[in-house]
Amino acid sequence: MGLYESNFIRLGWLAGNLRALSGRYLSSVRGDCDLVLTVIERSPYTSTVNLTYLLPETHGSRHCPDLRVRIYHDANLVEAQPSARARQVAPERELHQRWARNMMLNKWLEYCVERGHRFSSRTEQRAGA
C-alpha cells in the first residue's frame with residue numbers, strides 16, 4: 001500500500017486536488033512532450049483517469065505511455081491499472097505485473113513533476129478547444 005500512497009502524493013503534486021478533476025488537461029513544458037490527463041469516470045469515492053504523453057510523429061502524435069489510473073479518494077491511494085489491450089497473465093504473475101505498473105507510474109509521476117509539468121484549471125481544455 002505504501003507504493004499506492006506514494007502514487008497518490010505524486011499525482012497530487014502534478015494535479016492538485018484530485019477530487020476536483022474533471023475533463024481533460026494538457027501540460028506543455030519546453031523541452032518535453034505534452035502531457036495529457038483525461039478524466040474517464042468519477043464517483044464519490046473513486047475516479048479513473050488516463051495519463052499519457054503525446055509523442056510527436058510525422059502524421060500527428062502517438063500516446064505513450066498510455067496509463068489508466070484509478071484514484072481512491074477515501075483511502076488516498078492511486079493505482080495504475082492494466083490497459084484494455086494488456087495480455088492476460090498467469091495468476092501467479094499478476095502481483096509482479098501490478099508492482100511493475102505501479103513502480104513505473106511512481107517514477108513517471110516524479111519525472112513529470114521534475115520536468116515542470118502541472119495540471120490546473122488553466123491547463124484544462126474546454127470542449128471544442
Side-chain angles (χ1 to χ4, degrees):
M1 286 295 126
L3 179 58
Y4 293 4
E5 291 170 350
S6 180
N7 287 345
F8 184 88
I9 291 166
R10 283 170 165 69
L11 186 58
W13 291 343
L14 193 61
N17 182 355
L18 302 180
R19 284 184 187 266
L21 292 174
S22 66
R24 185 172 193 260
Y25 302 83
L26 174 71
S27 176
S28 296
V29 173
R30 185 196 293 290
D32 200 17
C33 299
D34 287 349
L35 185 64
V36 178
L37 182 141
T38 306
V39 178
I40 299 167
E41 173 193 336
R42 286 180 47 144
S43 72
Y45 302 106
T46 63
S47 296
T48 303
V49 301
N50 193 74
L51 188 62
T52 188
Y53 262 140
L54 298 180
L55 301 177
E57 291 192 335
T58 307
H59 302 289
S61 59
R62 181 169 51 108
H63 298 243
C64 184
D66 194 14
L67 288 180
R68 183 170 289 226
V69 176
R70 175 62 64 98
I71 304 166
Y72 299 92
H73 301 292
D74 56 337
N76 294 338
L77 303 174
V78 166
E79 175 187 22
Q81 299 189 311
S83 68
R85 59 186 179 276
R87 59 186 175 91
Q88 193 71 15
V89 297
E92 61 271 10
R93 302 275 306 148
E94 175 60 29
L95 186 58
H96 175 74
Q97 292 290 324
R98 188 175 295 171
W99 178 259
R101 262 192 321 272
N102 281 284
M103 279 301 292
M104 184 273 183
L105 174 63
N106 194 272
K107 299 291 184 188
W108 188 35
L109 290 170
E110 186 172 4
Y111 175 79
C112 290
V113 168
E114 287 174 356
R115 297 290 297 174
H117 284 287
R118 297 294 186 280
F119 298 114
S120 69
S121 58
R122 290 189 332 263
T123 66
E124 185 175 3
Q125 295 187 312
R126 304 288 178 208

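We use all heavy atoms of the structure for the numbers below, so side chains are in, but hydrogens, waters and symmetry mates are not.
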ask   = Looking at residues at least two apart in the chain, or sitting in another chain, which of them share a ring-ring contact (aromatic ring centres under 6.0 Å, His included) with Tyr53?
value = Trp108
query = For Ser120, which residues count as a side-chain contact (heavy atoms from CB on, under 4.5 Å) partner, sequence neighbours excluded?
reply = Arg122, Thr123
message = Other members of the hydrophobic cluster containing Leu95, with the 4.5 Å side-chain heavy-atom rule, please.
response = none
Which residues share a salt bridge (Lys or Arg N to Asp or Glu O under 4.0 Å) with Arg115, sequence neighbours left out = Asp32
query = Roughly how far, to the nearest 0.5 Å, is CZ of Phe8 from CG of Asn76?
reply = 4.0 Å
remark   = Besides Trp99, the hydrophobic cluster formed by Ile, Leu, Val, Met, Phe, Trp and Tyr side chains linked at under 4.5 Å, directly or via other members, contains Met1, Leu3, Tyr4, Tyr72, Leu77, Met103
task = Please collect all ring pair (Phe, Tyr, Trp, His ring centres under 6.0 Å) contacts where either partner lies in residues 23-43, sequence neighbours excluded, each pair once.
result = none
remark   = Residues passing the salt bridge (Lys or Arg N to Asp or Glu O under 4.0 Å) test with Glu5, sequence neighbours excluded, are none
Could you go through residues 13-23 and list every donor-acceptor pair under 3.5 Å that involves a side-chain atom there, pairing it with any protein atom two or more places apart or in another chain?
{"unit_1": "Asn17", "atom_1": "OD1", "unit_2": "Arg19", "atom_2": "N", "d": "3.1"}
{"unit_1": "Arg19", "atom_1": "NH1", "unit_2": "Pro44", "atom_2": "O", "d": "3.3"}

message = Would you say that more than 12 heavy atoms from the other residues, nucleotides or ligands in this model lie under 6.0 Å from the CZ of Arg68, or not?
response = no
Partner set under salt bridge (Lys or Arg N to Asp or Glu O under 4.0 Å) for Arg10, not counting sequence neighbours = Glu110
query = Is Ile9 linked to Val49 within one hydrophobic cluster, defined over Ile, Leu, Val, Met, Phe, Trp and Tyr using a side-chain heavy-atom separation of less than 4.5 Å?
reply = yes
key: Whether Ser27 side chain and Arg118 backbone form a donor-acceptor pair below 3.5 Å   = yes
key: With Arg70 via side chain to side chain donor-acceptor pair (under 3.5 Å) - residues at least two apart   = Thr48
request  = Give the minimum heavy-atom separation between Thr52 and Pro65, together with the two atoms involved.
outcome  = OG1-O, 2.8 Å
Closest non-hydrogen atom pair between Asn7 and Leu109, with its separation = O-CD1, 3.7 Å
inquiry  = Nearest 0.5 angstrom please: His96 NE2 to Arg101 CZ, how far?
reply    = 10.5 Å
note = Shortest non-hydrogen pair, Val78 vs Asn102, comes out as O-OD1, 3.9 Å
key: Non-neighbouring partners of Asp34 that pass salt bridge (Lys or Arg N to Asp or Glu O under 4.0 Å), sequence neighbours left out   = none
query = Under a single-linkage rule joining Ile, Leu, Val, Met, Phe, Trp and Tyr whose side-chain heavy atoms are separated by less than 4.5 Å, which residues share a cluster with Val36?
reply = Leu26, Leu54
message = Just verifying a value: how many Å separate Gln81 CD and Leu67 CG, rounded to the nearest 0.5 Å?
response = 10.5 Å
request  = Report whether Leu55 and Leu51 are members of the same hydrophobic cluster (ILVMFWY, side-chain heavy atoms less than 4.5 Å apart, transitive linking).
outcome  = yes
